[in-house]
Amino acid sequence: MSGSFYVTTPIYYVNDAPHIGHAYTTVHADVLARWRRLHGDDVLFLTGTDEHGLKIQRAAEERGLTPLEWADTTSARFREAWALIDISNDDFIRTTEPRHRVAVQAFLQQVYDNGFIELATYEGLYCVACEAYYVDDDLVDGLCPIHQRPVESVSEENYFFQLSKFEQPLIEHYEANPEAVQPESKRNEVLGFLRQGLRDFSMSRTSISWGIPLPWDPAHVTYVWYDALINYATAVGFGADPDQFEYRWPVQYHVLAKDILRFHAVYWPAMLMAAGLPLPEHVFAHGYLLVGGEKMSKTSLNNIAPADLVPEFGSDGFRYHFVTDLHFGQDGDFSYEGMVARYNADLANNFGNLASRVLNMAVTYCGGVVPDARAEGPLVAHAAIALDAYESALGELKFDDGFGAVWQLIRDANGYIEDSQPWKTHKAGDAAVTAAVLGDCLEALRIVALLASPLIPRAASALWTRLGLTGAPEDARLPDAAVWGAVATTGNAVEKGESLFPRIDVP
RNA sequence: GGCGGGAUAGCUCAGUUGGCUAGAGCGCACGGCUCAUAAUCGUGAGGUCGAGGGUUCGAACCCCUCUCCCGCUACCA
């Protein structure tokens with residue numbers, strides 16, 4: 001074991017149905033988690049659902065349900081979506097769980113005891129849909145700038161979190177730890193935001209009941225964002241299991257979309273400082289997934305769910321597209337045509353066909369038995385280069401570069417086959433040369449399967465089995481297992497099998 | 001308004017501290033091969049590197065001006 005590796009997605013608000021924007025975040029976190037598991041890390045990969053707040057309360061009322069009944073229904077849809085695309089989360093947290101109430105109350109008490117929460121009266125213009133206050137300048141024609149609906153003048157006695165006290169500490173933290181917010185462009189945004197100055201914010205509500213009561217004043221419930229962020233601590237035993245918390249904390253990676261960067265890079269670290277806890281090592285904010293150039297959202301007609309695409313592309317095809325065909329960190333445009341083109345080119349033609357031709361030749365030319373592995377050969381250097389590039393790229397969450405290196409090895413192997421023409425050496429009766437070439441290709445496939453397994457686990461596992469390898473790619477350990485000839489494969493039984501990725505023909 | 005990031009082949013993008021004929025993938029064209037999922041391999045097509053000016057022996061990369069696009073500027077992944 002290389003120690004704990006704790007990675008999270010945001011908890012998704014259950015008022016939304018899961019769509020490919022959520023999946024975009026979640027698949028990336030999953031690939032990261034799987035990649036670290038391959039290194040022997042003791043990974044904790046957390047996702048979940050955010051279930052408090054006025055919007056949930058109202059949505060439930062409209063349906064004649066209790067808030068929890070409504071949350072049960074929608075939370076389940078997220079679990080189903082993640083199962084569909086092979087998300088390997090180790091835990092799924094719901095903010096309505098008892099363990100979360102325990103952690104939130106412990107966290108709040110700690111911050112309160114440290115003197116960073118105070119009672120004050122707040123008067124302002126409130127948008128019910130946002131659950132947020134606005135000042136006149138924010139409004140557009142007197143309406144909420146987000147929902148275009150009237151705001152209400154509200155006076156409320158609230159507890160305030162003294163965010164302003166953390167302005168300088170946060171600036172110093174991000175200047176001293178440039179890797180803490182990635183990519184760099186997002187770090188600049190965070191620093192720019194911090195330098196504008198921070199205001200204390202209200203972190204309790206008396207107007208609603210669907211939430212977690214403050215331990216020292218149960219008439220107030222915790223504001224939904226304050227509650228939600230603490231989920232990351234809840235899941236590792238904050239307030240309940242000190243040993244586990246000590247072992248897991250802090251988080252290595254919070255993976256999230258750019259719209260909630262501020263909560264994770266400003267509010268959350270400030271809350272942790274206030275509680276006297278270490279800060280997350282990395283917050284990675286990726287760009288939006290656009291459809292036809294428009295932001296994916298629940299109100300968009302372009303809303304697309306994983307279940308709309310998986311039947312045609314498969315879980316692996318779905319995962320492959322969202323990780324490699326878009327540049328993580330920037331906004332990316334989704335298109336069905338682009339997805340089909342990439343699937344056919346990379347998965348069917350390059351990867352799938354390489355496996356198909358090599359396995360077929362191994363069966364027909366070598367009797368289905370893996371030949372002796374050669375310590376030297378034209379592909380050895382290519383495989384080493386691929387591994388090196390893969391490891392360093394994934395270490396920086398450059399997923400497209402990392403898997404691009406694997407696909408380069410696939411191209412190298414296809415090229416090697418053309419150069420050596422094993423079908424000709426076989427017809428010429430030169431069994432030794434034929435076996436040597438195919439032995440090299442089978443070894444290259446083994447390495448490809450291993451390196452690709454975090455991204456396309458089903459195909460990688462299927463290929464692994466067809467190569468006559470025991471277990472699954474997940475059992476291997478990087479980087480050693482991806483070194484040429486790391487595993488004795490001579491004599492393993494090879495089987496051809498069905499196409500790993502059948503071509504998709506669009507009319 | 002303020003701060004920040006962009007503008008490079010049909011498309012999506014790479015281009016380290018300025019330096020040989022500006023690169024990759026996809027798409028396209030032509031050619032080869034036939035083991036393979038009409039897959040694969042090779043070659044090519046020639047993009048005023050947004051516009052103008054400057055620095056330099058030399059700039060896509062540095063400076064100035066301009067045009068256009070985008071992000072953040074306190075709560076939808």
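A note on names: the letters A, B, ... follow the listed sequences, proteins ahead of strands, and every chain is numbered from 1. Here the structure is a predicted model, which is why all the values come from computation and not from measurement.
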Whole angstrom value for the distance that separates [atom2] of [N] from [atom1] of [X]:
X	N	atom1	atom2	answer
A:M339	B:G25	CE	C1'	18 Å
A:K398	B:A14	NZ	P	10 Å
A:R199	B:U73	CZ	P	12 Å
A:Y226	B:A74	OH	C1'	16 Å
A:L170	B:A74	CG	C1'	14 Å
A:F166	B:A74	CZ	C1'	17 Å
A:R195	B:A74	CZ	P	17 Å
A:D401	B:G15	CG	C1'	12 Å

Reckon [X] touches a base, only the sugar-phosphate, or nothing at all at heavy-atom distances under 4.0 Å?
X	value
A:L163	base
A:L261	nothing
A:G197	base

Next item on the list: For the residue pair A:L279 and A:M273, establish whether any side-chain heavy-atom pair is separated by less than 4.5 Å.
Entry: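 Yes, at least one pair of side-chain atoms sits under 4.5 Å.
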
Would a line drawn from the ring center of [X] to the ring center of [Y] be shorter than 6.0 Å?
X	Y	result
A:F78	A:Y12	yes
A:Y226	A:F161	yes
A:F313	A:H321	no
A:Y390	A:F403	yes
A:W225	A:Y267	no

Distance, [atom1] atom - from [M] to [N], rounded to whole angstrom:
N	M	atom1	answer
B:G10	B:C35	P	38 Å
B:U21	B:A60	C1'	16 Å
B:G4	B:C63	P	13 Å
B:A74	B:C64	P	29 Å
B:G58	B:C41	C1'	39 Å

Notebook entry, point to check: Can you list the residues that meet the salt bridge (Lys or Arg N to Asp or Glu O under 4.0 Å) rule with A:D346, with sequence neighbours excluded?
Noted result: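 Per chain and number, A:D346 pairs via salt bridge (Lys or Arg N to Asp or Glu O under 4.0 Å) with A:R342.
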
Check: Taking both distances under 3.5 Å as the test for a Watson-Crick or G-U pair, what stems of at least three pairs does RNA chain B have?
Finding: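 Listed by first number, the stems are B:1-7 with B:67-73, B:10-13 with B:23-26, B:28-32 with B:40-44, B:50-54 with B:62-66.
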
Next item on the list: Would you mind building the protein contact string for nucleotides 29-41 of chain B? One character per nucleotide, 5' to 3', B for base within reach (heavy atoms under 4.0 Å), S for sugar-phosphate only, - for untouched.
Entry: ---BSSBBB-SBS

Next item on the list: At under 4.0 Å between heavy atoms, which parts of nucleotides 2-11 of chain B does protein reach? Answer with one letter per nucleotide, 5' to 3': B base, S sugar-phosphate only, - none.
Entry: ----------

Next item on the list: Within residues 430-438 of chain A, find the residues that approach RNA chain B with a heavy atom at under 4.0 Å, and present them sorted by residue number.
Entry: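 Output list: empty, so none.
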
Notebook entry, point to check: So among A:T9, A:N231, A:T8, which one has a side-chain hydrogen bond (donor to acceptor under 3.5 Å, both in side chains) with A:T47?
Noted result: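 For A:T47, the side-chain hydrogen bond (donor to acceptor under 3.5 Å, both in side chains) test succeeds with only one of A:T9, A:N231, A:T8, which is A:T9.
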
Next item on the list: Among A:L229, A:D227, A:T95, find the residue that satisfies the side-chain contact (heavy atoms from CB on, under 4.5 Å) test when tested with A:I11.
Entry: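 Answer after filtering A:L229, A:D227, A:T95: A:T95.
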
Margin query: Applying ring-ring contact (aromatic ring centres under 6.0 Å, His included), can you list everything that pairs with A:H426, at least two apart in sequence or on another chain?
Written below: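 By the ring-ring contact (aromatic ring centres under 6.0 Å, His included) rule, A:H426 matches A:Y365.
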
Margin query: Between A:R446 and A:E443 (salt bridge meaning N to carboxylate O under 4.0 Å), is one present in this structure?
Written below: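 Yes, charged N to carboxylate O under 4.0 Å.
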
Item checked: Matching residue for A:H254 among A:F284, A:F263, A:Y232 - test: ring-ring contact (aromatic ring centres under 6.0 Å, His included) ->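 The single option meeting the ring-ring contact (aromatic ring centres under 6.0 Å, His included) with A:H254 is A:Y232.
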
